[in-house]
**Q** 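My questions all concern the structure below.
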Amino acid sequence: MGANLTDLSSGPPHPAGQTSAAALPPHDIILELRDLEKRYGHVQALKKSTLSFRRGEIHAIVGENGAGKSTLIKLLTGVIRRTGGTIIWNGQEVDLATPNEAINHGINAVHQEVVLCRQLSVAANIFLGDENTKWGLLQRREMSRAAQKILDDMGFSLPADALLGTLTIGQQQLVATARASLRGTKFIIFDEPTAYLTRQEAAQLFALIRRLKAEGVTIVYISHRMEEVFELADRVSVLRDGTHVGTRNIEDTNDAELVALMINRTLEQIYHKEEIPFGKTLLQTRNLSGKGFNDVSITVRQGEIVGLYGLIGAGRSEFALSIFGRNPKTSGEILWKEQPVDISNERKAIDLGIALAPESRRDQGLNLNLPIGLNINLPVYDQLMRGPVIDSGEEKRRADAQIRDLQIKTPSRRSLASSMSGGNQQKIVIGKWLNHGAEVFIFDEPTVGVDVGTKAEIYRLFARLLKNGAGIILISSYLPEVYELADTLHVFREGHLVGSQSYRERSHEDILAEAIGV
Amino acid sequence: MTTETVPTSVKTRRNWNFLFALTLVGLLVLLCVALSIATPNFATGNNISNLLRQGSMIAILAIGQTFVIITAGIDLSVGAIVGFSTVVVASLIQSGVPVWIAIIVTLLMGLLIGFFHAFGIVKMGLPPFIITLATLTSLRGIGLLMTNGSTINITDAGFNQFSRESFLGVPNLFWMVIIVAVPAFVFLHLSKWGRYLYAVGSNPEAARLSGVSVPRMIYIAYGLSAMCAAIVGVMLAARLGVGNATQGDGWELQAIASSVIGGTSLFGAVGSVHGPLIGAFILATISNGANLLNVNSFWQRIITGALIIIIVFFDQLRRRSR
Amino acid sequence: MTTETVPTSVKTRRNWNFLFALTLVGLLVLLCVALSIATPNFATGNNISNLLRQGSMIAILAIGQTFVIITAGIDLSVGAIVGFSTVVVASLIQSGVPVWIAIIVTLLMGLLIGFFHAFGIVKMGLPPFIITLATLTSLRGIGLLMTNGSTINITDAGFNQFSRESFLGVPNLFWMVIIVAVPAFVFLHLSKWGRYLYAVGSNPEAARLSGVSVPRMIYIAYGLSAMCAAIVGVMLAARLGVGNATQGDGWELQAIASSVIGGTSLFGAVGSVHGPLIGAFILATISNGANLLNVNSFWQRIITGALIIIIVFFDQLRRRSR
Amino acid sequence: SLAQDVTIPIIVKDTTSFYWQIVLAGARAAGQELGVNVPELGAQAETDINGQISILENAVSGSPAAIVIAPTERSALGAPITEAAQSVPIIGIDSSAESDAFSSFLTTDNVQGGRIAADGLAAAIEAATGKIEGDVAIITNSPNAGSLEERRQGFMEQLAAEYPGLNLVADKYADGQAATGLNITTDLLTANPNLVGIFASNLIQAQGAGQAIAENGAAERVALVGFDSDDKLVGFLKDGTIDALVVQDPYRMGYDGIKTALAVSKGETVEKFVDTGANLITTANMDDERSQELLNPKVN
Ligand SMILES: Nc1ncnc2c1ncn2[C@@H]1O[C@H](COP(=O)(O)OP(=O)(O)OP(=O)(O)O)[C@@H](O)[C@H]1O
Ligand SMILES: Nc1ncnc2c1ncn2[C@@H]1O[C@H](COP(=O)(O)OP(=O)(O)OP(=O)(O)O)[C@@H](O)[C@H]1O
Ligand SMILES: [Mg+2]
Ligand SMILES: [Mg+2]
């Protein structure tokens, strides 16, 4: 798979290319959107857009964070109601006012944020609203067995009886995928399904998508990862600022064109890498063990990006949380600037100069029902106090600075974090630590859901932090990211460090083999 | 509720392991065994009958309340509905309506009150706390107006007799608990409706996207809770032989407490039918035991508070260590 | 709380637009204007003083309660703490302790009770509902034991006089509200602690990972709530001139209701200091007005319930349309 | 005359109780007869002292001709009443308060009521068992209600002074609910085989206790004395479940309270203290004319 734009634009053969999209007769349009529009108060999330989807195609939608992609999907699945325009399904004008109506037409979606019930089991979630009953009684065992079979068939190794809340976000996303592809789906929308998946799971997902396509199902695929778009899609539509700016057959375009359409300018390079000399050793772990990881020794120096790669559940996040004082270690030690330290809680880690942008923005990263400004400043209120009260001018200034620097798309710092698009929420999670003046930054899946343009900004920001004498631990399940950025790369498998390499001395294949354990 | 994992308290667990492994039923049994040893009067058939009678009303309220709490709501009105129902059923019976019609009318009225709550929540966007608090206040007023602050004496002997008698050695009032609990169990744990209730409490958006009608589930939950309260009202009217609007005062807190002791989470999506039942009978046993031991009324309050803490603490530990 | 957007009710909005734009203060003012027209006695200086005195205690309780509710908790014990504090302060004064020491000791005792709640929540993992319900029950028992079920008469004239007098034309009791509300406002809205409180209520895990000590915030919230209740206990002891353990019965519900009417969400992370204040005075005004208009006390309940629904409904509409 | 413009509010302890409704009925009747406007005010529980003070303050704001009040707590209501009396004449009914500002008092002596109850209970026990011996219990509706404490005090004093054979084994407080009284009584019957008598010192608890005795078929074994009356208790009295009721004259208290208040407001001299009395009504004397008058007050 291509690691950067130049690789990709040369274009691998597209497996989905056989279906000649242009040859389809017009009556094979399954869904047509005319002048579709959505306003949230004063925010125009989607401006008059006209789009059509053909039966049995894989139709990718790309666009910047906040371009309106998720909004479009929510309109099609009855989650929210449009404020204007018409929707034509199979030649008939339809309302799509409620989720039920969408479901009855066979329209399903895997939403960007997992919308499932944490307190119910995996099986219960999969069958929610479509329970198997006999004489009014639930057939629990039967459903559990069926759910397990579905999951196994899809290649997802997940326990059907586990409570959903005990799964990681990525696993939850897989459950949502299993759920959406059941029940006689004719039209299925994936909103950044691979954000929390590793290559292996992503490959299983792609297999599933191709199988669905073969069965005649129409697939809409939203992603910020260009190579996925080129690997899967037949056609691709671009949204910019809530407007549909174009649709291309996949053979007729390349990612330079798509990126230009998305952000209205060209981008030479996504992965921004500068040669920065390493300085003092900042953080070391010696044989650190804890719940989920075992015997891990790493070193972070000034100017260094330490990449941690592995499959889902390999234990990297647990390891990071342990360094940060969130989870207790069971053995081993942590050294800060060569001195052993006892990091028994988060405050101690923060006071030493460690920052953690956690993996799950919904569960760990954000206070969703609070304003963006508060979220951004939360770790630094200590620095904002002037006597007994907060310096509100400084508070505003800092929040606005992050919103500007990270191009967070919001009407105001007073908007609630929950009203942001997924990618913009992710920017808040990162942004809240940039004011803090930490020396070691742990970024756990920092660019999940972030658009290409902003990704490039974030990588440039990494370079800035490094030049200021910081070190970075970058946890990512997206191999190109760690591959291109990390100075030292550690591969985790089942809680163990199985390989460590420095920049340039490794290949994709080696890393993958290590991670999967073959 | 902001709970923290407690590495420190784990250390104290060593010698008391057996206590921590006790389920709620186990704690109830332990309580009963202790009381049987402490007083010869506890384990008599007569007292067990009394105990079953004494716990039955709060138990039924707690089951109804649990449906509401599972949807992440709360029903503060149940005590007031109990009082109001005694007035309604008493005045109907005294005005010559056949007993069974009076009972049915009262239960339907309970259902309607519950639907009104659901209407306030679903259509008017009111917090459950507010709408049910408002009904609590108003219903007591209406009941007092109807009776002019006095009690309505029920002269129908058969109606009064019912609450005193037993069937197969079990007091009729406890049979009522079984009659309510069995369908409630089927509904909550074995039917898809129960599952929808959990889904609504867990994530209403997910429920809605799955085609579950959230408003309908809210109507069902509040309707059932209020109807359970009306059932208790009828039972209380039969037991006391009067209709009186101020009865059942504060029972909403007892019902919610029973439910929470029984493992229901006020944040929704966690709860069962048997938990609240056991919770209610734990509370009834504490008060029965204190009466039998002739504990000073003031000490009784102090002990009840302490026992609630202890019981829920052990139960929490067990849940957490699972 | 499961709220649903209500496209249908939007239609009815047309002619009543001005009502829907009213803030809570607006509704309170509207209520006062209506009462001034309906009865000549309402807008007299004497009555306004009465009104300020009558609302002051619940207002202070509601402010304390709001801190707790913002952390997504609840404090059911405040009414019991009020009663218990009257007993403590009365017995200290009567045993010859100087008044100011008696007051300080009482407030510290309140703080300790709050810390005990936080301990139960943080260290024992108990739901706030349960631990504060347990203290509610136990504290009443302890207070009754201390007084042997009777009242302690406070003979210190200066202490009693305080609650009756005014300063700059404003009743002393209302000055107490200001003395509590101003620091509370600074704490909640202007200091970092307030921000932390909201963060804890919104997502404790995210707050924790941002370096906020969640346990410490829980201690602060429950400590402040219980201390506010102790302050109210001292005020009540001064107003009544007695210490009596059963006073303040049911005030916890009134405090929570005031808070929720004032816009606080029982799910945490939403609330202010001024909202609960206004909520408390809306309730006080309703009851003052009903008394002045000589509304039958049963009707008074019915009307109070209805007005709560109406006021919160309008307030919800305004919030939603923002 | 100008009488229609005269307003005399009456403030009772607890508008939700039947006893106070009878007081209000008496006051209402007097108001109609005398052409006086009588707002009927009161707290919602006998223990709500603060509520009653607020209501008194509000009543004074209305500048009435006089105020009739049943103070809910002796010392707490003292100062507010003294303060109110500076602008309005105050007439006390039912219970007293620590204030010398009252223009007149019409009270029952609740301590005396408790004594009468003890006598009634002893007589009933003697009638049933032939001797005045055994265990007895008292159930109080809720702690800290002044008049209930006085009844309890009178009852206990009289027991100690006059009936050494009667042994007080349980001194219980309920929570204002009849069901609680019922449960307590049931448990008392279970725990005390030698129990021969119970005094339930108000209406609600007498209903609960009576029900428990009927439920357990213990009417033969255990004597029950209640306080105040309604249809339910009269029924119990008839069928022997309850042996005696101590009955006050609340109707007269309300009626005479308003009448006296009007007189005071016109500057007439009135009697400073009036005892409206407490009477023991048993199965034997319940059909007397006076008993019937007390048992069946004209509420509406
Ligand atoms: N509930 C809401 N209230 C107000 N504005 C909203 C709400 N939901 C979304 N928006 C706004 O609508 C715009 C489009 O959001 P949308 O979620 O569709 O973006 P997106 O294209 O999916 O972005 P991303 O790639 O970051 O997921 C954004 O500016 C967002 O802030
Ligand atoms: N909430 C949870 N409950 C139970 N087990 C969990 C939970 N979260 C993680 N685990 C388990 O802990 C182990 C380590 O998970 P962790 O999230 O650290 O993995 P990771 O390498 O970061 O993977 P990911 O790619 O998901 O970030 C895995 O076995 C995982 O299944
Ligand atoms: Mg999106
Ligand atoms: Mg992870």
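Below, chains carry the letters A, B, ... as their sequence lines are ordered, and counting in each starts from 1.
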**Q** Quick one: pull up CZ in Arg347(A) and CZ in Arg208(C) and give me the separation to the nearest 0.5 Å.
**A**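 These two atoms lie 13.0 Å from each other.
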
**Q** How far apart are the C-alpha atoms of Tyr196(C) and Leu378(A), what are their side-chain angles, what is the distance that settles it, and do they pass the side-chain contact (heavy atoms from CB on, under 4.5 Å) test?
**A** CA-CA 8 Å; Tyr196(C) 291 171; Leu378(A) 193 56; 3.9 Å; yes

**Q** Heavy-atom distance under 4.5 Å to chain C: side chain of Leu366(A), backbone, both or neither?
**A**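 The backbone, not the side chain.
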
**Q** Non-hydrogen atoms of chain C under 4.5 Å away: do they reach the side chain of Lys432(A), the backbone, both or neither?
**A**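 Only the side chain of Lys432(A) comes within 4.5 Å of chain C.
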
**Q** Minimum heavy-atom separation for Phe324(A) and Leu209(C), please, with both atom names.
**A** CE2-O, 3.3 Å

**Q** Do Asp382(A) and Lys192(C) have side-chain heavy atoms sitting under 4.5 Å apart?
**A**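 Yes, their side chains come closer than 4.5 Å.
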
**Q** Who pairs with Tyr198(C) by ring pair (Phe, Tyr, Trp, His ring centres under 6.0 Å), at least two apart in sequence or on another chain?
**A** none

**Q** Chain C heavy atoms under 4.5 Å from Asn345(A): which part of the residue, side chain, backbone, both or neither?
**A** neither

**Q** Roughly how far, to the nearest 0.5 Å, is OG of Ser210(C) from CD of Gln364(A)?
**A**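 With rounding to 0.5 Å, CD (Gln364(A)) is 11.0 Å from OG (Ser210(C)).
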
**Q** Within the 4.5 Å heavy-atom criterion, are Glu205(C) and Asp363(A) side-chain neighbours or not?
**A** no

**Q** Show me the donor-acceptor pairs, under 3.5 Å and distance only, between side chains in residues 368-377 of chain A and residues at least two apart or in other chains.
**A**
residue   : atom : partner   : partner atom : Å
Asn369(A) : OD1  : Ser202(C) : OG           : 2.6
Asn375(A) : OD1  : Asn367(A) : N            : 2.8
Asn375(A) : ND2  : Asn367(A) : O            : 3.0
Asn375(A) : ND2  : Leu370(A) : O            : 3.4
Asn375(A) : ND2  : Pro371(A) : O            : 3.1
Asn377(A) : ND2  : Gly373(A) : O            : 3.4
Asn377(A) : ND2  : Glu395(A) : O            : 3.0

**Q** Check each atom of Pro388(A) against the heavy atoms of chain C and say whether the ones under 4.5 Å are side chain, backbone, both or neither.
**A**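 For Pro388(A), the backbone is the part near chain C, not the side chain.
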
**Q** Once side chain to side chain donor-acceptor pair (under 3.5 Å) is applied, do any residues pair with Gln425(A), and if so which ones, sequence neighbours excluded?
**A**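 Side chain to side chain donor-acceptor pair (under 3.5 Å) check on Gln425(A) returns nothing, list empty.
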
**Q** For chain A, which residues from residues 183-190 of chain C have at least one heavy atom closer than 4.5 Å to it?
**A**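 Checking residues 183-190 of chain C against chain A gives Val186(C), Leu190(C).
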
**Q** Got a sec: does the CZ of Arg216(C) have more than 12 other heavy atoms crowding it under 6.0 Å?
**A** no

